[in-house]
Engineer: 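Take this structure first; my questions come after.
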Number of protein chains: 2
Amino acid sequence: MSKPRSQPKRERILDVAEELFALHGYDGVTLRQIAKGAGVDVALASYHFGKKLDLFNAVFERRAELLNSARLDALRACQQSADSQGPSVEQIIEAFLRPLELAQETGDPGWQHYLALIAYINNSPYWGPRMMSKLFDQLVSEFIAALRKALPDARDEDLYWCYHNLSGALTLTLAQTGRIDKLSGGKCLSADFEAAYNHMIPFVAAGFRQVCGKSASR
Amino acid sequence: MSKPRSQPKRERILDVAEELFALHGYDGVTLRQIAKGAGVDVALASYHFGKKLDLFNAVFERRAELLNSARLDALRACQQSADSQGPSVEQIIEAFLRPLELAQETGDPGWQHYLALIAYINNSPYWGPRMMSKLFDQLVSEFIAALRKALPDARDEDLYWCYHNLSGALTLTLAQTGRIDKLSGGKCLSADFEAAYNHMIPFVAAGFRQVCGKSASR
DNA sequence: TCTAAATTTCAACGCTTGTTGAATGTTTCG
DNA sequence: CGAAACATTCAACAAGCGTTGAAATTTAGA
């Protein structure tokens with residue numbers, strides 16, 4: 001059998017690695033810190049995952065498929081329930097963002113660390129080009145195709161720049177830096193994903209319409 | 001003989017540290033890499049800056065004041081030229097972003113590295129709380145105050161979430177990951193700050209108006 | 001020029017790093 | 001049971017780390 005038994009120590013290594021990598025980055029974490037956090041000998045990480053970089057990749061692969069299919073399902077669902085014109089910009093962005101919230105609300109704090117790790121990757125000039133495309137290009141292309149349909153007058157260049165803005169706003173949200181908490185004097189909370197998305201969806205949708213809409217300046 | 005007061009080796013250490021920290025983060029760079037890049041002995045970095053963390057801070061402080069005053073000047077200028085109602089949302093965001101472009105166009109590639117380093121800090125759950133407030137809180141508060149005046153019906157909470165979206169979009173732009181280049185098939189270029197801001201300004205302004213405007217849903 | 005200070009290199013330190021091979025403990029299953 | 005397969009720990013390695021004191025070099029000022 002390939003994966004019959006749950007391997008609790010192996011999972012704990014992944015959990016701790018996920019959390020520490022998200023907080024300190026790849027180079028900011030040692031295998032000994034991870035092993036200590038997991039209550040395990042250092043050599044066990046090498047036994048299960050090989051090199052440090054392989055462990056890093058394993059952390060990603062563990063949740064990638066589930067996350068991508070959840071977001072794709074949300075897109076398909078809003079496409080199904082739409083009329084012949086297809087879903088609106090708001091609906092598409094909602095499908096892009098809400099599954100991230102659901103992932104968090106499974107009660108598994110690992111999801112929050114995982115999303116913060118993705119934020120770290122996405123914003124890194126070193127890791128971004130090495131990891132993001134492989135993990136998310138296909139999914140993103142599908143969302144952009146849906147947006148292109150909802151904004152038939154958009155130029156491709158404008159569409160991609162707008163997605164870039166969305167991606168940036170989302171990335172900073174997922175990074176959970178707590179900066180907005182301090183800046184707003186507690187009026188906004190980084191951990192409140194629902195509030196973040198409730199503001200992000202109309203904000204981004206209006207931006208898309210402004211830049212990619214019919215009357216956009218060319 | 002070249003001027004000794006300019007301390008060329010000290011500057012070169014800062015230049016190389018700036019570039020490498022921006023690319024690999026604090027823990028991803030060793031003092032020996034920096035020294036090698038600067039053509040200098042390792043111990044010289046310690047002599048000039050003390051601990052590694054002090055060098056990291058010195059990289060920031062070198063350009064912080066100049067950057068902040070350039071952005072503040074831009075805000076003051078657009079406030080001067082506005083009527084009694086104050087500058088528009090677009091004008092304020094323009095004043096927030098354009099000085100970053102000018103900094104790049106001095107021809108000094110160090111500015112680009114510096115801005116990428118700020119992006120790294122701003123997106124980091126570890127460094128963000130430790131460095132961003134000290135460097136930028138005062139400036140950001142002034143811009144938000146101006147936006148509050150331009151959007152008199154806005155709730156503070158909405159205003160801060162909108163700024164968060166702006167900050168995220170800007171951060172991903174400064175990080176220069178090249179992701180949009182690949183995704184757009186070359187139609188958009190990460191290095192093209194002017195194009196990025198030309199799209200970001202109307203995008204973000206429309207978002208602010210949507211979320212913070214008179215008819216915003218409450 | 002001479003001298004003191006500032007700069008830069010040299011050499012080394014004690015520690016930590018990722019990784020590995022062998023030893024020990026634990027399951028699985030005929 | 002018994003033995004093979006898997007899981008885990010132990011001990012150690014060579015390499016690289018940040019940091020430091022002393023020596024060498026360069027500069028500044030009289």
Side-chain angles (χ1 to χ4, degrees), chain A residues 1-62 117 120-121 124 126-127 130-131, chain B residues 1-62 117 120-121 124 126-127 130-131:
Chain A
M1 314 191 187
S2 39
K3 289 168 58 180
R5 216 163 57 63
S6 77
Q7 298 166 310
K9 294 199 174 182
R10 195 189 129 106
E11 286 298 296
R12 255 154 60 203
I13 290 172
L14 284 172
D15 289 340
V16 175
E18 188 172 58
E19 178 171 3
L20 293 181
F21 281 143
L23 186 55
H24 294 102
Y26 179 78
D27 299 294
V29 180
T30 73
L31 292 178
R32 283 176 169 82
Q33 288 177 276
I34 295 171
K36 189 170 216 171
V40 146
D41 188 88
V42 199
L44 193 58
S46 298
Y47 169 74
H48 279 301
F49 303 100
K51 313 283 188 192
K52 183 185 182 184
L53 187 56
D54 297 323
L55 168 59
F56 193 61
N57 284 310
V59 169
F60 275 91
E61 285 164 19
R62 179 167 60 151
L117 186 54
Y120 161 70
I121 292 294
S124 159
Y126 180 81
W127 293 108
R130 283 170 176 74
M131 309 206 63
Chain B
M1 286 299 173
S2 54
K3 291 302 290 179
R5 286 251 71 87
S6 65
Q7 292 179 318
K9 295 199 174 183
R10 193 189 130 108
E11 284 302 289
R12 255 154 59 204
I13 291 172
L14 285 172
D15 290 340
V16 175
E18 189 172 58
E19 179 172 2
L20 294 182
F21 281 143
L23 185 55
H24 294 104
Y26 179 78
D27 298 293
V29 180
T30 73
L31 292 177
R32 284 174 166 84
Q33 288 177 279
I34 295 170
K36 189 169 215 173
V40 146
D41 188 89
V42 198
L44 194 59
S46 299
Y47 170 74
H48 279 302
F49 303 101
K51 313 284 188 193
K52 183 184 182 184
L53 188 56
D54 298 323
L55 168 59
F56 193 61
N57 284 310
V59 169
F60 275 91
E61 285 164 19
R62 179 166 62 151
L117 186 52
Y120 161 71
I121 292 294
S124 159
Y126 180 81
W127 293 107
R130 283 169 175 75
M131 308 206 63

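Letters go in sequence order (proteins before strands), and every chain restarts at 1.
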Engineer: Please determine, for the side chain of B/L31, which listed nucleotide (D/dT19, C/dT9, C/dG18) has the closest atom?
Structural biologist: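 Of D/dT19, C/dT9, C/dG18, D/dT19 is nearest to the side chain of B/L31.
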
Engineer: How long is the line joining CG of B/D54 and P of D/dG18, in whole Å?
Structural biologist: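 Going from B/D54 (CG) to D/dG18 (P), I get 14 Å.
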
Engineer: Can you tell me how far C1' of C/dT9 sits from CD1 of B/I13, to the nearest Å?
Structural biologist: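 It is 12 Å, rounded to the nearest whole Å.
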
Engineer: Whole angstroms only, please: what is the CZ-P distance between B/R10 and C/dA6?
Structural biologist: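 Whole-Å distance recorded here is 14 Å.
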
Engineer: Between B/Y47 and A/R32, which is nearer to the 5' end of DNA chain C once each is assigned its nearest nucleotide?
Structural biologist: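 First, find each residue's nearest nucleotide; the 5'-ward one identifies B/Y47.
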
Engineer: Nearest to the side chain of B/K52, which nucleotide is it out of D/dT8, D/dG18, D/dT20?
Structural biologist: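 Out of D/dT8, D/dG18, D/dT20, the nucleotide with an atom closest to B/K52's side chain is D/dG18.
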
Engineer: With a 4.5 Å cut-off on side-chain heavy atoms, are A/R62 and A/E18 touching?
Structural biologist: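 They are in side-chain contact.
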
Engineer: With a 4.5 Å heavy-atom cut-off, do A/N57 and A/M131 have their side chains touching?
Structural biologist: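 In short, these two side chains touch, coming nearer than 4.5 Å.
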
Engineer: If every non-hydrogen atom of B/F56 is compared with every non-hydrogen atom of B/Y120, which pair is closest and at what distance?
Structural biologist: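 Shortest heavy-atom contact: CZ-CE2, 4.2 Å.
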
Engineer: How many whole angstroms separate atom CG of B/D41 from atom P of D/dT19?
Structural biologist: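 After rounding, the gap between these two atoms is 14 Å.
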
Engineer: A/H48 side chain N/O closer than 4.0 Å to the phosphate oxygens (OP1, OP2) of D/dC6?
Structural biologist: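 Negative; the distance criterion is not met.
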
Engineer: Check whether any side-chain nitrogen or oxygen of A/S46 sits under 4.0 Å from OP1 or OP2 of C/dT20, and answer yes or no.
Structural biologist: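 So the side chain of A/S46 is outside the cut-off, no N or O lying under 4.0 Å from OP1 or OP2 of C/dT20.
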
Engineer: If you only use heavy atoms from C-beta on, which nucleotide in C/dT9, C/dT20, C/dT19 is closest to the side chain of A/A43?
Structural biologist: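 The answer is C/dT20.
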
Engineer: Figure out the CD1/P separation between A/I34 and C/dT17, and round it to whole Å.
Structural biologist: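 After rounding, the gap between these two atoms is 11 Å.
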
Engineer: For the side chain to side chain contact (heavy atoms under 4.5 Å, CB included) test, which of B/L55, B/L44, B/L31 pairs with B/F49?
Structural biologist: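 With B/F49 as partner, side chain to side chain contact (heavy atoms under 4.5 Å, CB included) holds for just one option, B/L55.
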
Engineer: Can you name the nearest heavy-atom pair linking A/A38 to A/V16, along with the distance?
Structural biologist: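 In this case the closest contact between A/A38 and A/V16 is N-CG2, 3.8 Å.
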
Engineer: Starting at atom NZ of B/K9, determine the distance to atom C1' of D/dT27, rounded to an integer number of angstrom.
Structural biologist: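 It is 13 Å, rounded to the nearest whole Å.
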
Engineer: What's the closest nucleotide to the A/V40 side chain, out of C/dT19, D/dT9, C/dG18?
Structural biologist: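 The answer is D/dT9, which lies nearest to the side chain.
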
Engineer: From CZ of A/F49 over to P of C/dG18, roughly how many Å is that when rounded to an integer?
Structural biologist: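 It works out to 15 Å between those atoms.
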
Engineer: Expressed as a whole number of angstroms, how long is the span from A/L55:CG to C/dG18:P?
Structural biologist: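 That distance rounds to 10 Å.
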
